[in-house]
Amino acid sequence: MAAEIVNPRSDERGSETGGGMEGAPAEPFDPAFALHRGGKMAVQATVPVRDKDDLSLAYTPGVAKVCSAIAEQPELVHDYTWKSQVVAVVTDGTAVLGLGDIGPEASLPVMEGKAILFKQFGGVDAVPIALATTDADEIVETVVRLAPSFGGVNLEDISAPRCFEIERKLQERLDIPVFHDDQHGTAVVTLAALRNAARLTGRNLGDLRTVISGAGAAGVAIAKFLLAAGVGDVAVSDRKGIVSRDREDLTPVKRELAELTNKAGLSGSLESALAGADVFIGVSGGTVPEAAVASMAPGAFVFAMANPTPEIHPDVAHKYAAVVATGRSDFPNQINNVLAFPGIFAGALQVRASRITEGMKIAAADALADVVADELSADRVIPSPFDERVAPAVTAAVAAAARAEGVARR
């Protein structure tokens, strides 16, 4: 009701037909629209303002003492404001879920959703910020100017290849964690699931040959992260085939990727690369022919993570694979970023880390895998997002790694 008062319906026309365009029939009830009416989040005070004494402490004149103290010792901002526990969720609306470039306003429901997931699963406050620009330098400059208000920056749904440049420039200019979840959150959860799949089947990461479908933000990050974690070889495929050194049509990002990956020197199609492969990771959409899946090594792992339609349907994958994972909640082994980003930021903020390192991300993946290490089965290589052990485990691991790597400031 309060949301309706503050933010009245913009689709009301006051007609005698009960709203909507005059003479139009009433639209059927949709629970998604009902839930989103007025937005999904609000600001709530943590201190009471019941009388003039409370007011004089929470605002003027009492607030002036705190401001003066912070002016003299800027590090006190972490103790006397919410800076050290709040994250900016920043987007330009160019790569929103499976919807693509829908613009900043249309991205807000997703950014609000992201913010409440931060709070629900990590105890971290978050503020959605949708920017009316797609220029990389303008985004960087805007976020740099907003940064004094936040303890960290979560970049969200910004299209590749600009997302790589934006993250890199912000990390160079800011002394707070900057993390593109579409890249690194996906990579962390994928590695955790892969570790447990290998444990379950008695294999080592170094023995696995992996093929990734998709050379966008997630695919590039997963490839680099798996190699850093010790996976034997990774080949990445884009729309034109395997990203390899002999291709002359590669962007700078893919050129770098070609130098890091594909030790086997594969070229040609995704389907040809899958022959004898141990792992398939899909972050691209599209469909992989069943014959290509059948050509993979015995006991393969299939992580078909496109939503809502996996690259390989689980029913097909189970014919040939020992472990199958998707991005969907209605199948076992959901690769869901919410298993990673709340705990990663909670751990980083807890120790006031200046950045999120590769070591912190690997620690997060290891901790996530360990949550279910004693409960492994083909249908349980990754915990549920609602497993209450996840956030504390990831938070503690990330905080410890930050201290070990010298980026913690308390």
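Here the structure is a predicted model, which is why all the values come from computation and not from measurement. These numbers come from the heavy atoms of this one structure, side chains and all, not from hydrogens, waters or symmetry mates. Residues take their numbers from the sequence shown, with the count starting at 1.
Pairs engaging residues 302-314 under the side-chain hydrogen bond (donor to acceptor under 3.5 Å, both in side chains) rule: none recorded [sequence neighbours left out]. Annotation: ring-ring contact (aromatic ring centres under 6.0 Å, His included) contacts involving residues 187-237, sequence neighbours excluded, are absent. Residues in residues 96-119 take part in these ring-ring contact (aromatic ring centres under 6.0 Å, His included) pairs, two or more places apart or across chains: Phe118-Phe341, Phe118-Phe345. Among residue pairs with one or both ends in residues 369-406, those qualifying as ring-ring contact (aromatic ring centres under 6.0 Å, His included) are Phe121-Phe386; sequence neighbours excluded.
Side-chain atoms of Glu167 come within 3.5 Å of backbone atoms of His180 as a donor-acceptor pair (strictly under, hydrogens ignored). Side chain of Ser107 to main chain of Pro104: a donor-acceptor pair is present (N/O by atom type, distance under 3.5 Å, no hydrogens or angles). One N or O on the side chain of Gln171 and one on the backbone of Val178 form a donor-acceptor pair closer than 3.5 Å. Formation of a donor-acceptor pair under 3.5 Å by the Thr133 side chain with backbone atoms of Ile139 is not found in this model. Glu112 places a side-chain N or O within donor-acceptor distance of the main-chain N or O of Lys40, the cut-off being under 3.5 Å. Of the possible polar contacts, none joining the Arg173 side chain to the Val140 backbone as a donor-acceptor pair under 3.5 Å is found. A donor-acceptor pair is defined here as one N or O able to donate and one able to accept, closer than 3.5 Å; such a pair exists between the side chain of Asn333 and the backbone of Val381. One N or O on the side chain of Lys83 and one on the backbone of Phe150 form a donor-acceptor pair closer than 3.5 Å.
Contact check on Arg199 versus Asp366 returns no salt bridge, with no Lys/Arg side-chain nitrogen under 4.0 Å from an Asp/Glu carboxylate oxygen. The pair Glu358-Lys361 counts as a salt bridge, with a side-chain nitrogen and a carboxylate oxygen less than 4.0 angstrom apart. Between Lys224 and Glu256, at least one side-chain N (NZ, or NE/NH1/NH2) sits under 4.0 Å from a carboxylate O, which counts as a salt bridge. Taking 4.0 Å as the cut-off between side-chain N and carboxylate O, Asp175 and Arg409 count as a salt-bridged pair. In summary, Asp54 and Arg50 engage in a salt bridge, as defined by a charged side-chain N under 4.0 Å from a carboxylate O.
In this structure the side chain of Pro383 never reaches within 4.5 angstrom of the side chain of Arg389, judged on heavy atoms. Between Leu226 and Val279, every side-chain heavy-atom pair lies at or beyond the 4.5 Å cut-off.
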Point to revise | Criterion side-chain contact (heavy atoms from CB on, under 4.5 Å) on Val90 and Ile166, from CA distance to verdict | key: CA-CA 11 Å; Val90 178; Ile166 290 167; over 6 Å; no
Exercise for review: Determine, step by step, whether Glu290 and Lys319 satisfy the salt bridge (charged side-chain N to carboxylate O under 4.0 Å, His left out) criterion, reporting the C-alpha distance in whole Å, the side-chain angles of both residues, the deciding distance to 0.1 Å, and the verdict.
Suggested key: CA-CA 10 Å; Glu290 182 172 345; Lys319 294 180 184 181; 3.2 Å; yes
Exercise for review: Start with the C-alpha distance between Asp157 and Lys114, add both sets of side-chain angles, then the distance that settles salt bridge (charged side-chain N to carboxylate O under 4.0 Å, His left out), and finish with yes or no.
Suggested key: CA-CA 11 Å; Asp157 292 348; Lys114 193 79 170 191; over 6 Å; no
Exercise for review: Could you walk me through whether Leu194 and Phe303 pass the side-chain contact (heavy atoms from CB on, under 4.5 Å) test, one step at a time?
Suggested key: CA-CA 9 Å; Leu194 189 59; Phe303 293 1; 4.2 Å; yes
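Put simply, CG on Asp379 and NE2 on His318 are 6.0 Å apart, with the number rounded to the nearest 0.5 Å. Atom CG in Leu266 sits 10.0 Å away from atom CG in Leu274 (nearest 0.5 Å). Here the CD1-CG distance, from Ile129 to Leu108, works out to 10.5 Å after rounding to the nearest 0.5 Å. To the nearest 0.5 Å, atom CG of residue Asn337 and atom CG of residue Asp181 are 4.5 Å apart. Note that CG of Leu191 is 9.5 Å distant from CG of Asn196, once rounded to the nearest 0.5 Å. Note that the CZ atom of Arg195 and the CZ atom of Arg203 stand 15.0 Å from one another [nearest 0.5 Å].
The number of heavy atoms from other shown groups lying within 6.0 Å of CZ (Arg410) is above 12. Remark: Glu388 CD is loosely packed, at most 12 non-hydrogen atoms of other residues, nucleotides or ligands lying under 6.0 Å away.
Residues satisfying the side chain to side chain donor-acceptor pair (under 3.5 Å) criterion with Ser272, sequence neighbours excluded, are Ser269. Taking the side chain to side chain donor-acceptor pair (under 3.5 Å) definition, one finds that Arg145 meets it with Glu141, sequence neighbours left out.
Side-chain contact annotation: Thr94 with Asp92, donor-acceptor N/O pair under 3.5 Å present.
Each of Val220, Ile222, Val243, Thr261 was scored for a side-chain contact (heavy atoms from CB on, under 4.5 Å) with Ile212, with one residue passing: Ile222.
Annotation for Ile382 and Ala193: closest pair CD1-N, 3.7 Å, computed over non-hydrogen atoms.
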